[in-house]
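Some notes on the structure that comes next.
All chains are named by letter (A, B, ...) in the order of the sequence lines, taking the proteins before the strands, and each is independently numbered beginning at 1.
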Amino acid sequence: MEEQEKYDLIEQYLSGKMEKAAQLDFENQLKSNSALQQEVVLHRQVEESLKGEGIHDFRAKLKKADQKWETKHSNPKASTPIFSLPIRRLLLVAASFLLLVLAYNFFDSSSNQGGTNLYAQHFTPYKMVLNQRSSSNAPNTSPALTQAIEAYEQKDFATAAQAFATLQQESPKVLSLVFYQAISELSQQKPQTAIPLLKNILAQAPPLFVEQSQWYLALAYLQMEDQGAAQKELEKIVDGAFKYKEAQEILRSMQ
Amino acid sequence: MTMIKAANSDDHQLLEGILPGRSPAIEAVYELALPAVIQWVKENNGSEVDARDIFQEALIALFRKLEKGDFTLTCTLKSFIRIMCRNLWLSRLRNKNRQCSSLEEVELVDLDIDIESRLEQSEKEQLFFKHFDLLGEKCRKILQYFFDKMPLKQIAAKLDTSENYIKKRKFVCKEKLIKAIQTDPNFAELSNQ
């Protein structure tokens with residue numbers, strides 16, 4: 001059965017819109033095919049969990065409330081920022097900052113934005129999503145993976161790159177490890193090591209990290225000052241994909 | 001319209017603020033109930049991060065319950081959230097074969113069966129949310145409308161494109177989501193629980 005045909009059947013079955021004969025036939029298939037049975041359950045659970053606009057809005061607000069709570073309770077110093085400085089010092093800081101910005105613009109305006117400049121403006125390491133929740137306690141989390149995740153989160157990218165590379169020897173098919181190694185390499189200004197890793201992910205087109213790899217591959221070329229290759233990769237980022245707007249912005253500034 | 005009943009008027013007000021997702025109400029619930037949950041989880045083999053994770057899951061389960069219809073709170077909101085979090089954390093400890101250091105006194109308040117089943121699915125639901133959030137914006141929109149039972153024709157009109165394009169894109173996005181969930185290292189483990 002083709003994948004799309006299977007999805008259509010599952011959706012029809014779950015919506016209760018299947019004709020009687022087709023439904024009986026599908027239920028017979030379910031009895032003898034446990035993989036299909038599990039997939040139907042997964043489709044139903046996913047739909048139930050994700051339906052309703054309200055839940056997504058509520059989750060976003062929970063996230064904000066959680067961040068606010070953390071700022072207030074876990075890191076009290078964070079709530080006494082620059083505003084506690086005397087006003088004269090504050091004005092001096094602002095004036096110095098303004099001078100720096102003006103000076104930068106003056107010296108920068110005559111030159112086209114170089115690849116490394118663009119890279120520096122747009123690169124941030126991708127957030128860690130591997131076992132993000134209670135990572136060190138998850139039973140299937142190996143100590144090596146925990147170490148890699150922790151190094152990445154602490155921005156110790158040399159250790160993280162090494163750890164993700166080692167983990168790949170045990171699990172060569174897990175492309176998320178390749179992805180995080182690539183980002184760790186990029187974070188250490190090693191685009192030449194990151195590029196083949198990102199290309200490898202894109203060639204295999206896994207369900208995860210494709211759009212992200214496309215973006216970071218473009219940034220890697222920018223870091224190498226290969227603007228032609230960077231442009232080609234940026235143009236592959238389609239409307240609605242990860243970092244589409246930033247990609248368009250870079251393309252405009254390259255022209 | 002949802003009918004909310006609570007003995008305490010402050011709790012009633014908070015519940016009425018949670019349903020439309022009002023930030024001040026959510027933040028007030030954090031102040032009201034989270035510190036006790038953190039303390040309890042820390043005493044039972046967990047960290048503050050664990051506590052904040054399960055606190056969010058409990059509030060999502062509560063939100064879903066409120067969304068569904070009538071809801072009667074038979075204890076204080078603080079106790080209710082604490083019981084939900086306690087049940088969630090104990091089930092995590094059981095699944096991870098870890099010990100609970102202090103035996104809790106038996107709580108007299110039973111949780112609604114609806115909420116119980118929500119809590120049981122909670123970890124899996126978080127996995128679904130994680131992968132849904134990783135999709136591109138357009139994919140998320142199309143799937144959101146589709147899960148909300150909006151006809152493809154209407155989705156196409158809303159996104160200013162053809163029905164045929166939406167049909168294809170919906171399949172691509174859904175396949176991406178399902179495959180990402182299935183290949184997540186935590187998925188197999190959660191399915192076996």
query: Do we see a donor-acceptor contact under 3.5 Å between the side chains of A:His73 and B:Glu31?
result: yes
Rounded distance (nearest 0.5 Å) linking atom CD of A:Glu47 with atom CG of B:Leu143: 10.0 Å
query: Can you check whether A:Gln67's main-chain N or O pairs, donor with acceptor, with B:Arg52's side chain at less than 3.5 Å?
result: no
- line: For B:Phe129 and A:Ser49 the tightest heavy-atom approach is CE2-O, 3.6 Å
A:Glu3 side chain vs B:Phe171 backbone, donor-acceptor pair below 3.5 Å: no
- request: Could you walk me through whether B:Phe132 and A:Val46 pass side chain to side chain contact (heavy atoms under 4.5 Å, CB included), step by step?
  value: CA-CA 9 Å; B:Phe132 182 73; A:Val46 165; over 6 Å; no
Rounded distance [0.5 Å steps], OH in B:Tyr30 versus CH2 in A:Trp69: 9.5 Å
field: Best-contacting candidate, A:Lys51, A:Gln38, A:Glu53, against chain B by heavy atom pairs under 4.5 angstrom
entry: A:Lys51
field: CG on B:Leu135 to CD on A:Glu211, rounded to 0.5 Å
entry: 8.0 Å
message: Can you give me the closest heavy-atom contact between B:Gln144 and A:Leu50, atom names plus distance?
response: NE2-O, 3.3 Å
- prompt: Take atom CD in B:Glu137; do more than 12 heavy atoms of anything else shown fall under 6.0 Å from it?
  reply: no
message: Counting only non-hydrogen atoms closer than 4.5 Å, does B:Lys174 touch chain A with its backbone (N, CA, C, O), its side chain (CB onward), both, or neither?
response: both
message: I'd like to verify something: which residue of A:Glu48, A:Lys63, A:Lys243, A:His43 has the highest number of heavy-atom pairs under 4.5 Å with chain B?
response: A:His43
- prompt: Salt bridge between B:Lys170 and A:Glu11, side-chain N to carboxylate O under 4.0 Å?
  reply: yes
query: How far does CZ of A:Phe242 sit from SG of B:Cys139, to the nearest 0.5 angstrom?
result: 14.5 Å
query: So with a 6.0 Å cut-off around CD of A:Glu246, is the heavy-atom count from everything else above 12?
result: yes
query: At a heavy-atom separation under 4.5 Å, does B:Arg140 approach chain A through its side chain, its backbone, both, or neither?
result: neither
- line: Closest heavy-atom pair, B:Asp148 versus A:Gly52, reported as atoms and distance to 0.1 Å, is OD1-N, 2.5 Å
- prompt: Within a reach of under 6.0 Å around CD of A:Gln45, are more than 12 heavy atoms found that belong to other residues, nucleotides or ligands?
  reply: yes
query: If you take all heavy atoms of B:Gly21 and A:Lys61, which pair is closest and at what distance?
result: O-CD, 2.8 Å
task: Could you tell me which of A:Ile55, A:Asp57, A:Leu42 has the largest number of non-hydrogen atom pairs under 4.5 Å with chain B?
output: A:Ile55
